[in-house]
Amino acid sequence: TSGLDTLENSLLADIASAADEPAIEAVRIAAFGKKGTVSEMLKTLGAMTAEERQLKGPVINGLKNRVTEALTARKAELRDLAIAARLAAEKVDVTLPVRQSPAERGRIHPISQVIDEIAAIFGDLGFAIAEGPDIETDYYNFTALNFPEGHPAREMHDTFFFQLDEKGERKVLRTHTSPVQIRTMETQKPPIRIVIPGKTYRQDSDATHSPMFHQVEGLVIDRSANVANMKWVLEEFCKAFFEVPSVKMRFRPSFFPFTEPSLEVDIQCDRSRPGEVRFGEGSDWMEILGCGMVHPNVLRAGGLDPDEYQGFAWGMGIDRIAMLKYGMPDLRAFFDADVRWLSHYG
Ligand SMILES: Cc1ccc(OCc2nc(C(=O)N[C@H]3CCS(=O)(=O)C3)cs2)cc1
């Protein structure tokens with residue numbers, strides 16, 4: 001039976017040296033598969049005489065049992081080794097400090113940053129923040145602001161109109177934040193000093209115009225507010241916002257239905273370096289806002305007597321100013337909600 005011993009020793013050696021589960025499975029197949037060495041051995045029992053089988057049977061079965069036992073034990077050992085290896089590989093050290101990857105931190109949108117800055121500057125000048133509805137009536141958005149019937153701004157090419165509502169009222173997406181000033185005059189006794197940041201909507205869309213954009217308007221109403229006061233307030237704002245000790249401003253005559261006189265304001269800037277704008281210096285001019293003395297019809301629409309009260313107002317587009325301040329090429333990037341872009345400016 002030396003042949004049997006040799007076979008058993010070589011199988012046990014193969015089992016012991018099987019390094020992983022596929023290897024031990026290969027040994028099992030070599031021993032107990034269809035053409036397996038042990039399977040073949042067991043088949044020879046069938047062809048033996050009764051006496052022969054009596055003799056060899058227990059020897060072959062003994063070999064089969066010992067090899068099977070060794071296989072099972074080694075399989076279990078290899079399984080445990082594989083599990084231990086995975087546990088080691090996938091170990092997570094929960095005591096490690098949190099990774100501060102930038103993407104995980106939220107960002108304040110540049111427009112919101114600019115609104116906050118502007119609100120803070122006027123807050124320091126004694127202004128309150130006022131807000132109002134984005135969906136406005138035709139009355140508050142146009143009529144109360146002295147827009148005559150048939151004024152082009154009332155047309156569809158400029159303004160988003162809603163279907164007539166159940167009361168036959170024409171609703172619009174507000175084209176400026178001015179309706180809020182009317183609503184404030186109706187509800188608050190002068191003196192009034194408010195700024196109104198907010199979303200405004202126009203049928204406009206190209207590299208420098210988005211159908212939804214942001215404005216900050218302001219209103220001062222009391223018994224003596226005049227153009228000189230207006231110029232001072234606007235100059236203080238520009239110095240603070242553009243962070244310069246002095247700024248040259250140019251007031252050009254203009255026209256708006258809700259102010260008389262109306263002015264447009266440029267500030268001095270230097271655009272000699274391509275793609276860069278510096279304020280408070282240079283020989284170039286940049287328009288940044290419009291302003292004027294509140295028209296008497298508008299005071300009346302707010303329920304005030306023009307012989308008793310007067311005031312001034314202004315309006316500026318934030319998106320453009322933010323672009324200037326942060327040096328952004330295209331307005332549309334503001335609304336793409338591209339995290340990489342936002343985190344660059346956040
Ligand atoms: C009751 C009331 C009375 C007066 C008012 O005057 C608001 C004003 N706005 C402007 C102005 O030039 N605005 C534009 C600047 C760029 S923009 O974003 O397109 C809007 C001038 S005076 C507002 C409300």
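We count ligands from 1, going down the list as the structure has it; atoms in each ligand are counted the same way. Every value quoted in this text rests on a predicted model; they were computed, and no experiment measured them.
- Salt-bridge check for Arg66 with Glu8: passed, with a basic side-chain N closer than 4.0 Å to an acidic carboxylate O.
- Taking every non-hydrogen atom of Glu217 and a distance limit under 4.0 Å, the qualifying atoms of ligand 1 come out as 7 (C), 23 (C).
- Ligand 1 has at least one atom lying under 4.0 Å from a heavy atom of Val298.
- Heavy-atom contacts of Ala313 reach the following atoms of ligand 1: 4 (C), 5 (C), 6 (O), 22 (S) (cutoff under 4.0 Å).
- The closest approach between Met185 and ligand 1 falls below 4.0 Å for a heavy atom of the residue.
- For Glu136 and Lys171, the salt-bridge test fails: no basic side-chain N is under 4.0 Å from an acidic carboxylate O.
- Note on ligand 1: Gln215 sits in its first shell, one or more heavy atoms being nearer than 4.0 Å.
- Checking Thr159 against Gln203 by side-chain atom types alone, no donor-acceptor pair falls below 3.5 Å.
- Shown in contact with Leu145 at under 4.0 Å from a heavy atom are these atoms of ligand 1, numbered in order with element: 1 (C), 2 (C), 24 (C).
- What sits closest to atom 22 (S) of ligand 1 on the protein, heavy atoms only, is Phe258 CE1, 3.6 Å.
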Glu77 and Arg74: CA distance, side-chain angles, deciding distance, salt bridge (Lys or Arg N to Asp or Glu O under 4.0 Å) verdict: CA-CA 5 Å; Glu77 199 179 357; Arg74 184 63 180 152; 3.1 Å; yes

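- The pair Glu52-Lys56 fails the salt-bridge criterion, with no side-chain N (NZ, NE, NH1 or NH2) lying under 4.0 Å from an Asp/Glu carboxylate O.
- Heavy-atom proximity to Gly317, at under 4.0 Å, picks out these atoms of ligand 1: 16 (C), 18 (O).
- What sits closest to atom 14 (C) of ligand 1 on the protein, heavy atoms only, is Gly315 O, 4.1 Å.
- Ring geometry for Phe258 versus Phe147: interplanar angle of 30 to 60°, hence tilted.
- Between the side chain of Ser17 and the main chain of Ala13, a donor-acceptor pair closer than 3.5 Å is present.
- Between Glu186 and Arg183, no side-chain nitrogen of the basic residue sits less than 4.0 Å from a carboxylate oxygen of the acidic one, so the salt-bridge criterion is not met.
- Listed by atom number, the atoms of ligand 1 under 4.0 Å from Phe256 heavy atoms are 12 (O), 21 (C).
- Among protein heavy atoms, atom 12 (O) of ligand 1 sits closest to Gly290 CA, 3.1 Å.
- For ligand 1, the atoms sitting less than 4.0 Å from at least one non-hydrogen atom of Cys291 are 21 (C), 22 (S), numbered in the order shown with element in parentheses.
- Counting only non-hydrogen atoms, the option in Gln181, His214, Met293, His176 that gets closest to atom 24 (C) of ligand 1 is Gln181.
- For Arg202, the heavy-atom gap to ligand 1 drops under 4.0 angstrom.
- At least one donor-acceptor pair under 3.5 Å links the side chain of Asn9 to the backbone N or O of Asp5.
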